[in-house]
S.K.: 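What follows is a single structure, and I will ask about it in a moment.
Along the sequence shown, residues carry numbers from 1.
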Amino acid sequence: MLGFVVSPPHHLLSLLSPRLRILRLSVLCALPRFPHAVPACAIHRPRAMAVSSSSWELPLVAVCQVTSTPDKQQNFKACAELVREAARLGACLAFLPEAFDFIARDPAETLHLSEPLGGHLLEEYAQLARECGLWLSLGGFHERGQDWEQTQKIYNCHVLLNSKGSVVATYRKTHLCDVEIPGQGPMHESNTTMPGPSLESPVSTPAGKVGLAICYDMRFPELSLALAQAGAEILTYPSAFGSVTGPAHWEVLLRARAIETQCYVVAAAQCGRHHEKRASYGHSMVVDPWGTVVARCSEGPGLCLARIDLSYLRQLRQHLPVFQHRRPDLYGSLGHPLS
């Protein structure tokens with residue numbers, strides 16, 4: 001069954017696909033039986049922000065939710081099934097989460113399973129992009145960089161492929177997650193991973209200009225504001241949030257980043273138990289520039305779909321011109337440690 005929420009036109013596409021064995025796709029509300037009725041959960045914008053674009057003309061993006069394990073080939077098969085379904089449903093861009101390639105049991109296994117960008121696994125994804133004819137956001141690849149021999153550490157690398165399978169952008173995670181959360185277990189990403197040296201300029205895609213980030217980066221609004229000021233229309237936070245921080249912070253942070261930047265936010269997430277030592281929160285979603293969650297994955301592996309309405313984004317920025325009101329003369333030094 002394929003259902004569309006039609007008011008407002010950019011708002012949400014949600015669906016079920018009963019023929020799939022593992023895919024469960026987001027449904028935020030049921031489509032009414034009567035074709036002209038408005039769903040009870042449809043969210044209405046202020047009249048001044050109404051849009052005229054036909055939802056059928058807007059680019060469709062797919063957000064994939066997976067449960068990675070240490071088995072790279074099994075992970076690829078699961079991701080490829082979601083990507084092929086996204087292409088079948090008309091998506092122009094599919095987003096995969098952080099660690100889409102694998103989640104290892106320990107640091108030694110992480111380093112052992114890592115590959116360079118020119119390795120076999122990325123070539124498989126390049127072929128998948130060509131086969132499906134869509135762009136892929138590969139949200140966090142364990143990359144052996146050019147300094148691997150010297151450092152014996154990797155990068156957490158967000159790779160963007162176009163529909164021809166070419167790498168058009170790479171962003172290496174700049175904020176590493178070294179935290180100890182009671183009840184969730186310690187995370188010391190810097191034990192195996194080098195921080196990236198820079199941000200990546202937003203990239204033009206069929207859905208809009210995409211700004212690349214990864215997971216823990218969402219806790220740093222300076223990064224999202226820098227990407228928005230550089231022209232981003234869509235911010236993407238592929239993630240593997242834990243079971244304690246997920247319920248407390250996940251949706252709140254994503255909606256905050258969308259509201260303050262007036263961008264769409266796309267967050268593909270890991271979910272479920274990866275192995276005996278680790279589990280992830282899931283709840284992949286898309287947030288619009290007003291801060292509304294317009295698509296969300298249910299529990300378990302699957303995908304959700306949303307249309308990107310850039311005319312709505314531009315209209316919102318015109319009505320609420322916060323970037324014109326900023327005062328860098330007062331807080332231009334944000335980002336320095338607290339004294």
Side-chain angles (χ1 to χ4, degrees), residues 8-12 43-53 58-59 61 63 93 95 137 139 158 160 168-169 171 173-175 196-239 249-268 285-295 306-338:
H10 81 287
H11 195 62
L12 167 69
I43 298 173
H44 295 274
R45 304 288 181 224
R47 212 175 265 279
M49 285 184 250
V51 292
S52 58
S53 304
L58 300 175
V61 300
V63 187
L93 199 164
F95 295 85
S137 162
H158 189 158
L160 189 64
V168 295
Y171 161 73
K173 189 177 182 183
T174 50
H175 302 98
S198 62
L199 304 184
E200 178 71 18
S201 297
V203 181
S204 293
T205 76
K209 291 185 178 179
V210 173
L212 303 179
I214 301 173
C215 197
Y216 191 57
D217 286 333
M218 76 176 69
R219 295 186 180 274
F220 302 90
E222 300 90 344
L223 184 151
S224 61
L225 290 170
L227 291 173
Q229 288 173 322
E233 297 161 326
I234 303 166
L235 301 177
T236 180
Y237 293 102
S239 298
H249 297 160
W250 172 250
E251 182 176 326
V252 176
L253 285 168
L254 294 173
R255 294 180 69 188
R257 298 296 82 85
I259 293 167
E260 71 195 4
T261 62
Q262 298 177 319
C263 289
Y264 281 89
V265 166
V266 178
M285 64 179 65
V286 180
V287 186
D288 75 8
W290 187 252
T292 301
V293 178
V294 296
R307 295 197 180 274
I308 304 298
D309 189 343
L310 296 182
S311 65
Y312 168 68
L313 177 149
R314 288 188 285 268
Q315 198 169 23
L316 175 59
R317 290 179 176 183
Q318 180 181 357
H319 286 290
L320 193 60
V322 293
F323 279 93
Q324 297 178 30
H325 300 156
R326 302 192 76 81
R327 291 288 306 275
D329 57 311
L330 299 181
Y331 40 74
S333 61
L334 282 178
H336 294 295
L338 295 176

S.K.: Do you know which two heavy atoms are closest between Tyr237 and Trp250, and how far apart they sit?
M.R.: O-CH2, 4.2 Å

S.K.: Heavy atoms only: give me the nearest Leu225-Glu260 pair and the separation to one decimal.
M.R.: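 It is CD2-O, 3.9 Å.
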
S.K.: Taking all non-hydrogen atoms of both residues, which atom of Arg257 and which atom of Ser224 are closest, and how far apart?
M.R.: CD-OG, 3.5 Å

S.K.: Would you verify whether the NZ or CZ of Arg219 falls within 45 degrees of the ring axis of Tyr216 while also being under 6.0 Å from that six-membered ring's centre?
M.R.: no

S.K.: Give the C-alpha distance, both sets of side-chain angles, the deciding distance and a yes or no for side chain to side chain contact (heavy atoms under 4.5 Å, CB included) between Asp309 and Arg307.
M.R.: CA-CA 6 Å; Asp309 189 343; Arg307 295 197 180 274; over 6 Å; no

S.K.: Please confirm whether the backbone N or O of Leu160 pairs with a side-chain atom of Tyr171, one donor and one acceptor, at under 3.5 Å?
M.R.: no

S.K.: Does Asp288 offer a backbone N or O that forms a donor-acceptor pair with the side chain of Thr292 under 3.5 Å?
M.R.: no

S.K.: Roughly how far, to the nearest 0.5 Å, is the CG atom of Leu310 from the SG atom of Cys263?
M.R.: 10.0 Å

S.K.: Could you report the tightest heavy-atom contact between Val61 and Phe95, atom names first, then the distance?
M.R.: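 Nearest pair, atom of Val61 first, then Phe95: CB-CE1, 3.9 Å.
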
S.K.: Knowing that exactly one of Ile234, Leu93, Leu58 qualifies, which makes a side-chain contact (heavy atoms from CB on, under 4.5 Å) with Ile308?
M.R.: Ile234

S.K.: At what distance, to the nearest 0.5 angstrom, does OG1 of Thr236 lie from OH of Tyr264?
M.R.: 15.0 Å

S.K.: Quick one: closest heavy-atom pair of Val63 and Ala268, and the distance?
M.R.: CG1-CA, 3.5 Å

S.K.: In Å, rounded to the nearest 0.5 Å, how long is the span from CG of Leu227 to CD of Glu200?
M.R.: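 Result: 9.5 Å between the selected atoms.
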
S.K.: Do the side chain of His175 and the main chain of Asp217 share a donor and acceptor less than 3.5 angstrom apart?
M.R.: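 No: the side chain of His175 does not pair with the backbone of Asp217.
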
S.K.: Could you state the interatomic distance from CG (Leu254) to OG (Ser239), rounded to the nearest 0.5 Å?
M.R.: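 Reported to 0.5 Å precision, the distance equals 7.0 Å.
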
S.K.: To the nearest 0.5 angstrom, please state how far the CD atom of Gln262 sits from the CG atom of Leu316.
M.R.: 5.0 Å

S.K.: Between Ala169 and Leu212, what is the shortest heavy-atom contact and its length?
M.R.: CB-CD1, 4.0 Å

